[in-house]
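Structure, as structure tokens:
Heads up: numbering here begins at 1 and tracks the sequence. Please read all numbers here as calculations on a predicted model, not as lab measurements. Heavy-atom basis, side chains included; hydrogens, waters and symmetry copies ignored.
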Amino acid sequence: MKWNLRWVAARQDIWRPSDLKTAFEAVGFTPSLSKVCALWSARPVTVRLDDLDMICAALKCTVADLMEAEPLAGSESGEQEGQRAVGQSPGAGSGGRPVPKQSGGKGAVRRLPPN
């Protein structure tokens, strides 16, 4: 993901983290100056959804303005070899649905162990 906080802030004529903190406080979001500086200077590893909502309110933007999907490095389709989408198995059936594993051969009945 590409983090566009500085670009979005610049559209609101905000050029420093201290000015950004003031904009945040105007909508009731009160992070520390160090947290604001961390958001300003680098792409965050995580952002709470509540915080993201407040950031968007302060900057009068959408989440799509703040974050932009980027293709994964080294792959034309955006999917690296060896990686699969969540829930996708190597032997996925039609429509990308996972195929259940068969244990004990075709038509085998699973039995409970004796007591």
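Taking OG of Ser18 as the reference point, atom CG of Leu33 lies at 7.0 Å (rounded to 0.5 Å). Expressed to the nearest 0.5 Å, how far CG of Asp65 lies from CG of Leu5 amounts to 11.5 Å. In this structure, CD on Glu68 lies 5.5 Å from CG on Asn4, to the nearest 0.5 angstrom.
Legend: residues meeting side chain to side chain contact (heavy atoms under 4.5 Å, CB included) with Ser34, ordered by chain and number and at least two apart, are Ser32. Evaluation of the salt bridge (Lys or Arg N to Asp or Glu O under 4.0 Å) rule for Arg6 yields no partner, not counting sequence neighbours.
Across all non-hydrogen atoms, the minimal contact from Ala58 to Ala23 is CB-O, 3.6 Å.
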| message | Between Leu20 and Val36, does the side chain to side chain contact (heavy atoms under 4.5 Å, CB included) criterion hold? Intermediate values first, please. | response | CA-CA 7 Å; Leu20 183 61; Val36 174; 3.9 Å; yes

| message | I'd like to know whether Cys61 forms a side chain to side chain contact (heavy atoms under 4.5 Å, CB included) with Leu66, so could you lay out the CA-CA distance, the side-chain angles of the two residues, the decisive distance to 0.1 Å, and finally the verdict. | response | CA-CA 8 Å; Cys61 67; Leu66 283 175; 4.0 Å; yes

| request: Verify side chain to side chain contact (heavy atoms under 4.5 Å, CB included) between Leu59 and Ile14, making sure each step is shown before the conclusion. | output: CA-CA 9 Å; Leu59 296 176; Ile14 296 172; 3.8 Å; yes

| task | Apply the test side chain to side chain contact (heavy atoms under 4.5 Å, CB included) to residues Lys2 and Met67: give CA-CA distance (whole Å), side-chain angles for both, the deciding distance (0.1 Å), then the verdict. | result | CA-CA 6 Å; Lys2 185 175 179 182; Met67 294 187 285; over 6 Å; no

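By the criterion of side-chain heavy atoms lying less than 4.5 angstrom apart, applied directly or through intervening Ile, Leu, Val, Met, Phe, Trp or Tyr residues, Trp15 is not grouped with Ile55; the two fall into different hydrophobic clusters.
With hydrogens and angles ignored, the 3.5 Å screen pairs a side-chain donor or acceptor of Trp3 with a backbone N or O of Leu39.
One finds no salt bridge joining Asp53 and Arg48 here, because no Lys/Arg side-chain nitrogen approaches an Asp/Glu carboxylate oxygen to under 4.0 Å.
Other residues, nucleotides and ligands place more than 12 heavy atoms under 6.0 Å from the CZ atom of Arg11.
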